[in-house]
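Working notes, structure below.
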2 protein chains.
Amino acid sequence: MIEKIPKPVARRLAIYYRLLKEYSKLGLSTISSSSMGERLNLKSSQIRKDLSYFGGFGKRGTGYKVMELMKSIERILGIDQAWHILIIGAGKIGMALVNYSGLSQDGFVVKAIVDADKDKIGTLIDTQLVVEDVRKMGQIIQEKKIDIGVLCVPPDVAQKTINEALKCGIKGIINFVPKRLEVPEDVMVEDVQISLSFKALSFRMVHNGK
Amino acid sequence: MIEKIPKPVARRLAIYYRLLKEYSKLGLSTISSSSMGERLNLKSSQIRKDLSYFGGFGKRGTGYKVMELMKSIERILGIDQAWHILIIGAGKIGMALVNYSGLSQDGFVVKAIVDADKDKIGTLIDTQLVVEDVRKMGQIIQEKKIDIGVLCVPPDVAQKTINEALKCGIKGIINFVPKRLEVPEDVMVEDVQISLSFKALSFRMVHNGK
DNA sequence: TAGATTGTTAATCGATTAACAATC
DNA sequence: TAGATTGTTAATCGATTAACAATC
């Protein structure tokens, strides 16, 4: 009963969620694990197993109700609530993430963006946000009740910068910096390492096939 | 002898490579798998096993020569050559990737960027590049000998756009679009799905721990 | 009832790790 | 030679999948 959830499950749930959204837009009310699996190139038994860690959402003989399952996954993923995001570093990547529609859609709301560069501080970004001084980060985290920091600073200041944010109670980090961060074990880090993806692609291209 | 290489190996090699670069900057000439493992939070046996798929690079009793291993991994990953990159879509993400230092450093050279938006076409990006018309994509791929396309277009035109690029002989794709792409099996796709990372983080934060 | 599809168990497959002989 | 560390084998651990009884 205390069955352990395999690590890849969270991402797959997000993929199921995306598909269900599509189905619901098309007006479908019901789907089966096998039709989802076909669409996603996954075995239907994997989808059923993944869902089974969290409950029985389907009905034997008929499948899953699109809307219902969508709402359930929303809850499982924790995106039925709004998360307050702080972008740390107003470089190219940081800037690109402000107003990134993929995020706001799912309840990740960028509340502020900070940088150390005097020339950037004060820059107005679209209508809502202004680049703020990284030295005010602590204050911002508290006032805006930031949950998640998105780290997009140069590698050499990454650890130092995130330490500051940790002091002020951030509990989640999306890390775009090509470096492993040291954090207390109750803080979650997800790495988004673009340059690793390029190298993995290159590897597969030279060892071509599989 | 026909031992199969586990999928996670490519990414780890890229991580080892990054660390070796750091070591070489510090002037270290030799390292052991256990010192690397400690640094990277990996078991030393995993590092040795990963490397062993490609050869024996170390010396018993002394370890690995930093420079030598670096060069070997460079070759294994296929980054001892320059890759010609085309950015497809001059939105925020696409723009952010032009001149992204993490890429050019490792031999991924952005040769061109295309978009469908008339207002964007012709825009000068730093000194080198101009946003070109996506309708010229085929021509550009051939003339500039593009190897890898980086897809950053809206989801609804993603498949159609990549189909064009495939026709012109692209063999690798970095996909930033939240959608599974259909490609021939000799074409490699690496997904960089930022919004999945946010959801995976959210999941871990609500199911906190582990 | 007959057909469909779930939820779950057990078997299989794949990746990591411990352990150690080989050897510098 | 003694100490260190590799390369590799075998054991373990974790994730996926096939198969099927339960049930709508």
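By convention in this document, chain letters (A, B, ...) are assigned in the order of the sequence lines, proteins followed by strands, and residues within each chain are numbered from 1.
Using a 4.0 Å cut-off, no side-chain N or O of A:Thr62 falls inside it from OP1 or OP2 of C:dA4. Between B:Lys4 and C:dA15 there is a side-chain polar atom (N or O) within less than 4.0 angstrom of OP1 or OP2. Between A:Arg12 and D:dA15 there is no side-chain polar atom (N or O) within less than 4.0 angstrom of OP1 or OP2. Regarding contacts with the backbone of D:dA15, every side-chain N or O of A:Tyr53 stays at 4.0 angstrom or more from both OP1 and OP2.
Between A:Trp83 and A:Phe108, the ring planes are parallel. Angles under 30° get that label, and only those over 60° would be called perpendicular.
Atom CE of B:Met36 is separated from atom P of D:dG7 by 12 Å (rounded to the nearest Å). Between the P atom of C:dC20 and the CZ atom of B:Arg48 lies a distance of 13 Å, rounded to the nearest Å. Remark: P of D:dA4 and CD1 of B:Ile31 are 18 Å apart, rounded to the nearest angstrom. Spacing between atom CD of A:Gln46 and atom C1' of D:dG14 amounts to 13 Å, rounded to whole angstrom units. Rounded to whole angstrom, the span from the CG atom of B:Leu13 across to the P atom of C:dA15 amounts to 14 Å. One atom, CG of B:Leu51, and another, C1' of C:dA15, lie 16 Å apart when rounded to the nearest Å. Distance CG (B:Asp50) to P (C:dG14): 17 Å, rounded to an integer number of Å. For the pair A:Leu42 CG and D:dT16 P, the computed distance is 9 Å after rounding to whole Å.
Pairing for C:dA21 is with D:dT6, a Watson-Crick or G-U wobble pair whose two hydrogen-bonding atom distances lie under 3.5 Å. Look at D:dC13: its Watson-Crick or wobble partner, with both distances under 3.5 angstrom, is C:dG14.
In this structure, B:Ser45 reaches the bases: a heavy-atom distance under 4.0 Å links it to at least one base atom across the strands shown. Across all strands, B:Ser44 comes closer than 4.0 Å to no nucleic acid atom at all (heavy-atom distances).
Between the side chains of A:Arg48 and A:Ser52, no donor-acceptor pair is found at a separation under 3.5 Å. Looking at B:Gln193 and A:Arg18, their side chains do bring a donor and an acceptor atom within 3.5 Å of each other.
B:Leu51 is listed as a side-chain neighbour of B:Leu13, based on a closest heavy-atom distance under 4.5 Å. No side-chain heavy atom of A:Phe57 sits under 4.5 Å from any side-chain heavy atom of A:Ile73.
Comparing D:dT8, C:dA15, D:dT17 by their nearest atom to the side chain of B:Lys49 picks out D:dT8. In the set C:dT23, C:dA18, D:dA15, C:dT23 carries the atom at the smallest distance from any side-chain atom of B:Arg60.
Sequence order on DNA chain D of the closest nucleotides to A:Pro6 and A:Lys43 puts A:Pro6 first from the 5' end. Mapping B:Val9 and A:Ser34 onto DNA chain C by nearest heavy atom places A:Ser34 at the nucleotide closer to the 5' end. Residues A:Lys59 and B:Gly61 each lie close to DNA chain D; by heavy-atom proximity, the contact nearer the 5' end of the strand is made by B:Gly61.
A salt bridge links B:Lys171 to B:Asp186: at least one charged side-chain nitrogen sits closer than 4.0 Å to a carboxylate oxygen.
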